[in-house]
Amino acid sequence: MKISGYQDWQEAMLQLPERTFFLLMRLYLGEIKTPFNKQRLVESLGSFLSKAETQQTMIGGLDRLDLLILTAVHTLPLPNRGALLIFLSSETMLQTRLANLEERLILYRNSYTDDYDRVINNYSINPFLYKSVEPLLDSRLLFLSQQKKEPQSEAILCDDIVLAGLYTFFLKETDVLKMNGAFKVRAEKQLKAVFQDTVTDIGAFKTLCIGLRNLGLLIAESASLIPQQGRWEEFFKRTPFDRKMYIIAAVYGHARHDSMQKRAQFFSDFLASLDPCGVYDDITLKRFFDFLFLRLHVEANGDASVFPDMMIEDEQRMIDTLKMLKFLLPVGEYWQLNAASFNQESVEQPLIAAPSFEITMLPFTALWRIFPVLSCMEPISILTTGRFTITRTACLRCFERCSTDKVLIALLDEASGGKLPQNIKVSISEWYLQCTAVGLYYGFVITVAEDKRNLFKKNAGLQDIIYKELADGVYLIKQMDLDSVRTMIKSAGLDVTFYTPCATGRYTTVGFSSIEHRHPALGGFDKKTEEWYAAQCEQEKNYYEYIRELQAVVDTMPIDQYNKQSLKEKIAKKLIITKGQLYGAVADNEVREISGLDFLGKIHLAETAIADNSRLEVSIDGVSGRRIIMGIPIAIEKTDHDAVLVMQEDDTQYKERISIAGIIKMRSFRSSFFS
C-alpha cells in the first residue's frame, strides 16, 4: 500500500547523521548485522511502523504536550523549530520534547532550499502514523479560552463619535504640541475635559493620535496637529469597521497603501478568530497573533513590508494596543472580545440642533453625510453621544474655504433634517457679512485679457470652476489641480501662463481600500473538547500502567543493573514501546559513571561527553562540604600532573574549572539523538 509522504520520510531518514541513524536503527530493530544496506534498514523500520500493534502503542503514548506540538505542526503554515518555539513558548521543556518526538519517530524534519538558498527544516508527522493521529489534532486545542462568558459590548476608543470629536478638536486647537512632539499640559487638560470618561488615560489617547498621524489624517506642523480635511473626507466614506482596522494598523507605523491595507486585514482576521463568548489569557492571545502572522508571511511570500522589523515585544505591544483602545475588555486577569468591534451599522439620522447653538450627534450617525458641516462646530463633550456647538470662529474657517453663508446654512439644515433653528441661520448670515468685509483669498486667480473675456465667459466648463469675479477680468477659481485647470482653459481654445511667487504645497488624498470581515481562521473544528480531555486523561493513565509493565519485565531480564536502568529510562521516554524491543535491545556497555581514583576513566568519560555534547554531573569536595556541579563540558586542559575540566554550568554564563583528579564522582547524561 502506497503511503502519502513516505518518500519524504525515507529521504529524511537516509540523510540523518551516521551516529543518529544507527542509534535509531538499533533501538527499534535490534542488532544490525553486517554487511548492511541503509535503504533496506529504512524499509525494515517502515515495516515495524506499519504494524497495527506498533501504531496503537505509539498513539496511546501521546500525552497532552505531545498532541499540542503535533497540532501546532499540523496547523502552522511554517512548522519549523523556530516557529514552534515561539508559538508554544509558554510550554516548559519544549525543546526536549521536540527531540523526544523525533526519537520516537513520530516527527521528522523535511528539508528543502528556499528562494534565497537557505536550508529550511520543517517538522512533519510520520506518514505511517498520520491517519491515526489526525483525528486527535483539533486546532482549537491551541486556542482554547480559559472560560465562557456572555458577550459584552462597550464603546471603543476610536468609534465614530470619538473620531468626529477629534476632527473638530484639532480644527479648533492649533497649539497643542511641545518641541519634542508630545502634547502640552494645557492641551491634555482640554482633551480630558472634552472626552471625559472616554479618555481616562491620556496614554491611550496619544496612541490613537499616532495612528491618525500615520494614516495622514493629522499632519504635524510646528506646534499644531492639522487635520488633512480631504483625507478625512475619504476616510469617512469607509465603513465604521474599516476605519477601526486602519487605525489599529497605523499604530504599528507608516506603510505603503497596499501594505497598510494588508495590515488592517490582519487585525480584522485576529479579532474575527476570537470567540465572542471566550475569555482568553495573554498566552492564547499571542498564539492567535503568531499563527496569523505566520499565515500572512506565507501568503505574502515572505514580504516583510506589512510588519517591518516585527519582534516579539512588538507583538505584545500591538495586543496591548487592542486592550488600550478597548477592542479587548478585561475580565479579571483575562480578556474578552468587545462585541462592538465589528459594528458596521451606520444610520442616516439627523443631527439634533438646539436654539442654544448646541448640536447633538447620536451613535451610529453616518459620518460621510455630516462631514460637510463638522468644520463649523467645536466639541463640547464626547461620551455615548457627541455634543458640539456652532461658533463664529468655526464658521469663519468654513467661509475661508469658500463656503458662503447660504451654502453653509443649507448644509446644516439638511444635516439636521430640515430643523435648523432660525436664530442659527440669522447668526451665520451676520457672521458671514462681518467676516467677508475684508477678504484675503488663497487659491488660483485667473486674469483674462479684455479681447478674450467674451470667449472665456461663454465656455460652460470654465464657468463651473469660477468661485468669484474679483474685478473685471480677474477671477478666483475653486480649488483644483493645476494641470486640470490648464487642460480646461486650453480646451476652450485659450493659452495660459502660470505665475507663482513661491512654491505651494498640497497634501494628496489617496483613498482607503475596504477590509474584508472574513470567517474565523480557526472555525469549523470539533466542539467536543471537554470529552476529548477526559478521554486523553484516561489514555495517559493506561499508558503509564503499560510503562510499569514493561519496566517490570526489565527487572526479570538477566542483565546488569546499569543496563536495566538504561532500558527503564528508554521506556520512560517512550523510545521502547514493545517487548520485542526489550529482548532485541543492544546492551549499553559504555560506562557513564566513574567514581574514586580512576583518573583515566574520568578523562575518557569527559572526552566522550564533550564529543557527544552530553551533560555532566560532577561531585567534588570543597571548603563548605560536598558540592555537585551540573553543566556542559567544553574542554579538557592537560598539565604535567593533572587535567582541568572546563564546564559551562546550567542556567548561568559562568565557566567552572575543575581538577579531574579531585572529582569524587562523575556521571554522564547522554543527550537526545537529535540534540
Quick one: list whatever passes salt bridge (charged side-chain N to carboxylate O under 4.0 Å, His left out) with Glu11, sequence neighbours left out.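 If we apply the salt bridge (charged side-chain N to carboxylate O under 4.0 Å, His left out) test to Glu11, skipping adjacent residues, there are no hits.
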Only counting residues at least two apart or in another chain, list the ones meeting salt bridge (charged side-chain N to carboxylate O under 4.0 Å, His left out) with Glu313.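 Checked Glu313 against salt bridge (charged side-chain N to carboxylate O under 4.0 Å, His left out); zero matches.
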Regarding Arg263 and the six-membered ring of Tyr252, is the cationic atom NZ or CZ under 6.0 Å from the ring centre and inside 45° of its axis?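 No cation-pi geometry.
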Cationic tip of Lys237 above Phe512 ring, under 6.0 Å, 45° of axis: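 Because its charged atom misses either the 6.0 Å distance or the 45° angle limit, Lys237 does not stack over Phe512.
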Taking the ring centre of each residue, are Phe266 and Phe289 less than 6.0 Å apart?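 Distance test on ring centres: under 6.0 Å, yes.
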For [X] and [Y], which I'm curious about, is there any donor-acceptor pair between the side chains at under 3.5 Å?
X      : Y      : value
Gln146 : Asp281 : yes
Gln95  : Arg81  : yes
Gln229 : Tyr167 : yes

If you measure from the Lys or Arg side-chain nitrogens to the Asp or Glu carboxylate oxygens, is any gap between [X] and [Y] under 4.0 Å?
X      : Y      : value
Asp290 : Lys286 : yes
Glu43  : Lys38  : no
Lys323 : Asp282 : yes
Asp275 : Lys149 : no

